[in-house]
Amino acid sequence: MSKVAIVTDSTSYIPKELREKYPITVVPQVVIWENETFEDDVTITPEQFYARLRTAKVMPTTSQASVVNMHKAFSTLLEQGYDVLGMFLSSKLSGTYQSGVLGRDQLTSGKDRVTITDTETTAMAMGFQVLTVARAAQDGASIADCIALAEKARSHTGVYLTVDTLEFLHRGGRIGGAQRFLGTALNLKPVLTVEGGRIEPVERVRTRGKALDRVVEIVAEKCAGNSPVRVAAINADSQNDAKYLLEKIAALVNPTESILAGLSPAVGANAGPGTVGLAYMIGM
């Protein structure tokens, strides 16, 4: 029976110490800033990215993970004897899923040993899906078992977040149904989710502090009565707020696993600095 490796993209932003424990390969997203092109968390770190973003006059843009890097990741793993499962961020938020398909299609051999799936989410909501499958793979699960587990995991995860401003999502064309929150009073803070693969509005609250507490309340409701529970606080240059969220949710849901995670430069470029939220997985 062949061993299985997982390929994901950098928006999952699974902490490095966890990634390295399991058969996970990360293909970087691309950040374009003026005349420079960076590979997400390879040639620009989150710390470098957010430090530059604070004073930037020209805002960065992003591009999906490259077909070349997808092809390279798949080829390397096939040569090492792996069957490969690609698990990528929502195809409604990025062309990365399609890059994965094209990277597989360009293989001269072994195409039938590479499966591409759409997690329909991003950040650590995707990260938990990837970790669940990678842990099973490490324990000897077959590619068929891993594919079935990935399909199941998709409906067991979610993410809720608040942003300082909707302008970044609006400018990047990723605002989804939250479009209707644009133009409201500046002191109102949106609570958003990823639903059906798109960023969708949940509600607006009057202050950032209340938005953080509302994120905790919603995730606690989603996790209630489920076991096990895994939670991750995600943030774009807002670690103190992320620690606050993780402490609050941990007290309410008694998680099996709790993770403090960043948001990759590619996500930060689209959501904006100050974005913070909670991702969760229930029942798995």
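We number each residue from 1, following the sequence as shown.
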Going through the distances and angles, do Leu192 and Val202 end up as a side chain to side chain contact (heavy atoms under 4.5 Å, CB included)? CA-CA 5 Å; Leu192 309 170; Val202 179; 5.6 Å; no
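- By the rule that hydrophobic residues join a cluster once side-chain heavy atoms approach within less than 4.5 Å of another member, Val7 and Ile14 end up as members of separate clusters.
- A donor atom on one side chain and an acceptor atom on the other are found under 3.5 Å apart for Tyr22 and Arg135.
- Although no hydrogens or angles enter the test, the distance criterion places no donor-acceptor pair under 3.5 Å between the side chain of Trp33 and the main chain of Ala56.
- Side chains of Gln64 and Ser94: a donor-acceptor N/O pair is absent below 3.5 angstrom, by distance only.
- More than 12 heavy atoms of other shown residues, nucleotides or ligands fall within 6.0 angstrom of atom CD in Gln48.
- Counting non-hydrogen atoms of other residues, nucleotides and ligands closer than 6.0 Å to NZ of Lys72 gives a total of 12 or fewer.
- For the side chain to side chain contact (heavy atoms under 4.5 Å, CB included) test with Val253, the passing option among Ser227, Cys223, Ser258, Pro228 is Cys223; the others fail.
- Connection of Val30 to Tyr50 is not established within any shared hydrophobic cluster, with ILVMFWY side chains joined at heavy-atom distances below 4.5 Å, either directly or through further cluster members.
- Under the 4.5 Å side-chain contact rule for hydrophobic residues, Leu212 and Leu260 share a cluster.
- In terms of hydrophobic clustering, with Ile, Leu, Val, Met, Phe, Trp and Tyr side chains grouped at heavy-atom distances under 4.5 Å, Met87 and Val159 are assigned to a common cluster.
- In this structure, the side chain of Asn270 engages the main chain of Ala266 through a donor-acceptor pair within 3.5 Å.
- Residues Phe38 and Met70 do not share a hydrophobic cluster, clusters being chains of Ile/Leu/Val/Met/Phe/Trp/Tyr side chains in contact below 4.5 Å.
- Judged by distance alone, the side chain of Lys210 and the main-chain N or O of Lys189 form no donor-acceptor pair under 3.5 Å.
- Looking at Thr96, Thr62, Asp40, Thr11 one by one, the single match for side-chain hydrogen bond (donor to acceptor under 3.5 Å, both in side chains) with Gln29 turns out to be Thr96.
- Contact record, Met281 with Thr132: SD-OG1, 3.2 Å, taken as the closest heavy-atom pair.
- Pairing each heavy atom of Ala134 with each of Ile24, the nearest pair is CB-CG1, 3.6 Å.
- In terms of modelled atom types and a separation under 3.5 Å, the side chain of Asp9 and the main chain of Leu89 share a donor-acceptor contact.
- With hydrogens and angles disregarded, a donor-acceptor distance shorter than 3.5 Å links the side chain of Thr275 to the backbone of Gly272.
- Annotation: side chain to side chain donor-acceptor pair (under 3.5 Å) contacts involving residues 213-224, sequence neighbours excluded, comprise Glu203-Arg214, Asp213-Tyr244, Arg214-Glu217.
- Using a cutoff of 4.0 Å between basic side-chain nitrogens and carboxylate oxygens, Glu79 and Arg113 are not scored as salt-bridged.
- Applying the side-chain contact (heavy atoms from CB on, under 4.5 Å) rule to Glu195 yields the partners Thr193, Glu200; only residues at least two apart in sequence or on another chain are considered.
- Ser75 contributes a side-chain N or O that, together with a main-chain N or O of His71, makes up a donor-acceptor pair within less than 3.5 Å.
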As a quick check of understanding, evaluate side chain to side chain contact (heavy atoms under 4.5 Å, CB included) for Leu107 and Phe74, giving each step before the final call. CA-CA 8 Å; Leu107 292 167; Phe74 298 153; 4.2 Å; yes
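- Ser12 contributes no side-chain N or O that, together with a main-chain N or O of Thr8, makes up a donor-acceptor pair within less than 3.5 Å.
- Nearest heavy-atom pair, Phe49 versus Gly268, reported as atom, atom and distance to 0.1 Å: CE2-C, 4.1 Å.
- With contacts defined as side-chain heavy-atom distances shorter than 4.5 Å, the pair Val215/Leu161 does not qualify.
- Nearest heavy atoms, Ile32 versus Ser63: CD1-CB, 4.1 Å.
- Residue Ala73 comes nearest to Val27 through the heavy atom pair CB-CG2, 3.9 Å, listed as atom of the first residue, atom of the second, then distance.
- Of all heavy-atom pairs spanning Val219 and Tyr160, the tightest one is CG2-CD1, 4.0 Å.
- Distance alone, capped at 3.5 Å, is enough to place a donor-acceptor pair between the Thr119 side chain and the Phe88 backbone.
- For Asp241, the salt bridge (Lys or Arg N to Asp or Glu O under 4.0 Å) partners two or more places apart in sequence, or in a different chain, are Arg208.
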